[in-house]
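Below you'll find the structure, written out as structure tokens, and then a few comments.
Just so you know, ligand 1 is whichever comes first in the structure, and atom 1 is the first atom listed for that ligand. Just so you know, residue 1 is the first one in the sequence shown, and it goes up from there.
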Amino acid sequence: MQDNIEIRNPATGAVAATLPSSTTVELENTLSLLKQGQRDWAKVPLQDRLECIIQFGQLILANKQELSEILTNETGKPITQSLNEINGAQNRIEHLRKNATKWLSEEVVVSEGATLENIRYEPLGVIANISAWNFPYNVGFNVFLYALVAGNAVLYKPSEFATLTGLQFAKYLYQAGIPENVFHCIVGDGRIGEHILSLPLDGYFFTGSYKTGLHIATTVAHKLVPVQLELGGKDPLYVADDVADIKQAAVSAAEGAFYNNGQSCCAVERIYVSALIYDRFVEAFIEEVASYRVGDPMDVDTFIGPLTRAEQLVVLEDQVKDALQKGARLRLGGHVLEGKGYYYAPTVFDHCDHRMALMCDETFGPLIGIQKVSSDEEAIGLMQDTAYGLTAAVFSSDRDRAMRILDQMDTGTVYWNCCDRVSPNVPWSGRRNSGLGSTLSAQGIRAFVQPKAYHLRP
Ligand code: TXE
């Protein structure tokens, strides 16, 4: 029996497409094709594999208008942000173009004496990429493009909330010269995802929730193959009293919290502000958020569209209710918006503290809590009071002061006077409940290969 998956437009709730879900039999047949395809793909010279990826990038750019509309229709991401994502994800391709040869080529470590010693970097084989909907270009490219360049085949399962975009990736990869038995896009939800876990793959690369990530890591642990998890966070931002421009700090913090409706793994999820500038910061922050245009995601001026998943509205309602009960002050929003679609009003609370769920549990929506602090030490303690470890940010005009705080953060990324930012030049990694392993940078290139040591006596 074959299930269908329904793709809904979050702006209206209407069904935009119905697709047959992949079956377990198809999945098993696909895997044997990928196993064969991978062996040939690994023999293709690195430069030729890279050329395919560069060509893919050009095809994506040439079709970005249509692709951005597909993304907006299935995720509700405002069209300007869909275009930004498509343009921005090209930097992964540029990073590979400049660095793949350096990090994937054979290394001659000892070239003199009786025994020569070299390292070759071999692909892992056929890897699974189980992916997310919030930034399908960014988080997808971080895995499947890097895996393909390194000579792997990829079984790609986009989120059921970004299926149409995932199918477009397959179409343009094939057009760019990637063989059909080297990349395959699976259609379906967590049930087909679960079946992927039972198959003999050579690595599992996941982006999504902590709960599913933990389930995947424990289920496949016995295979002893590489597992990487890119999970969520509860990322703090601290605004120190010496910040150079309070208004500018408020504008940047608000963008970090509300871009893509707060549905970013590294969105600012809680804000701590020095008591000395608290009132001025909060006023500027509210003024900025109140100016956001909420509406039809197809409108180029919209900054806040609908949430991608209707279920998340309940999470937001619960966090709002809890914050109100525990004494937080509602300054903006705080309710579902009337009418069609999964809209939630941009919401700001101040006078928050860590008894409240909105300061401790992942929100993943247009809702933020602000808490007053009286010292750097208090801020440090609160910032570290979390099981997550993705990013942490400090806004201050004093670099030494900011670095002293950032050095104490147990997170994969730290920001000084910026936030909610990813660059292919540096590793993207989460600690503890935020994940395992790194993508991007040299580490992210090497994540898709295994070293083989050669001891050679001529
Ligand atoms: O995630 P899931 P969802 C967080 C965020 C969000 C929540 C839920 O808090 O509200 O996760 O989002 C597949 N075996 N993030 O439901 O369930 C699933 O089909 C194998 C943070 O999208 O983790 C999809 O392809 N696969 C995050 C993928 O896992 C399974 C980005 C992610 O789904 C599976 C997105 C199973 N048993 C959400 N169950 C970030 N890091 O930014 C589901 N899947």
Side-chain angles (χ1 to χ4, degrees), residues 3 5 7 10 19 21-22 24 27 74-77 85 128-140 142-144 155-163 165-166 169 185-199 201 204-220 227-235 259-269 307-316 318-319 342 344 357-358 360-367 387-391 412-413 420 422 428-439:
D3 290 324
I5 67 160
I7 293 152
L19 295 175
S21 179
S22 303
T24 52
L27 195 54
E74 67 180 338
T75 64
K77 185 186 290 252
E85 184 184 348
N129 178 194
I130 300 176
S131 203
W133 45 265
N134 57 342
F135 285 92
Y137 284 80
N138 290 342
V139 299
N142 290 358
V143 174
F144 69 73
L155 185 68
Y156 176 65
K157 198 199 88 56
S159 163
E160 55 273 36
F161 299 99
T163 307
T165 296
F169 293 159
C185 176
I186 290 292
V187 172
D189 57 21
R191 287 168 297 174
I192 199 78
E194 186 70 39
H195 193 64
I196 295 176
L197 310 184
S198 68
L199 299 178
L201 283 133
Y204 288 84
F205 293 78
F206 171 76
T207 309
S209 62
Y210 163 73
K211 185 167 162 256
T212 306
L214 182 63
H215 170 72
I216 290 177
T218 48
T219 307
V220 303
V227 176
Q228 286 207 172
L229 308 174
E230 193 196 324
L231 312 177
K234 190 68 193 170
D235 296 358
Y259 193 84
N260 197 31
N261 233 341
Q263 302 170 121
S264 309
C265 48
C266 54
V268 172
E269 286 249 344
L307 289 159
T308 303
R309 296 157 58 255
E311 303 95 278
Q312 201 66 14
L313 293 171
V314 180
V315 174
L316 300 179
D318 286 349
Q319 290 197 354
Y342 318 142
Y344 202 86
L358 93 167
C360 302
D361 301 337
E362 196 178 20
T363 302
F364 230 62
L367 161 61
Y388 289 104
L390 194 59
T391 83
T413 293
D420 190 26
V422 179
W428 186 247
S429 64
R431 298 184 183 176
R432 296 170 291 125
N433 289 9
S434 291
L436 205 61
S438 301
T439 53

Check your understanding: Hey, would you say the Trp133 and Phe364 ring centroids sit under 6.0 Å apart?
Key -> yes

Review point. Which protein residues have a heavy atom under 4.0 Å from ligand 1?
Key: Ile130, Ser131, Ala132, Trp133, Asn134, Lys157, Pro158, Ser159, Glu160, Asp189, Gly190, Gly193, Glu194, Leu197, Phe206, Thr207, Gly208, Ser209, Thr212, His215, Ile216, Glu230, Leu231, Gly232, Cys265, Arg309, Gln312, Glu362, Phe364

Revision key, fill the gap. Those residues at least two apart in sequence (or on a different chain) that pass side-chain hydrogen bond (donor to acceptor under 3.5 Å, both in side chains) with Gln228 are none

Practice item. Quick one: list whatever passes side-chain hydrogen bond (donor to acceptor under 3.5 Å, both in side chains) with Ser209, sequence neighbours left out. Key: Thr212

Review point. What pairs with Tyr388 under ring pair (Phe, Tyr, Trp, His ring centres under 6.0 Å), at least two apart in sequence or on another chain?
Key: none

Review point. Between Tyr137 and Phe169, is the ring centre distance below 6.0 Å?
Key: yes

Exercise for review: Can you see which heavy atom on Lys77 is nearest to which on Asn134, and at what distance?
Suggested key: NZ-O, 2.9 Å

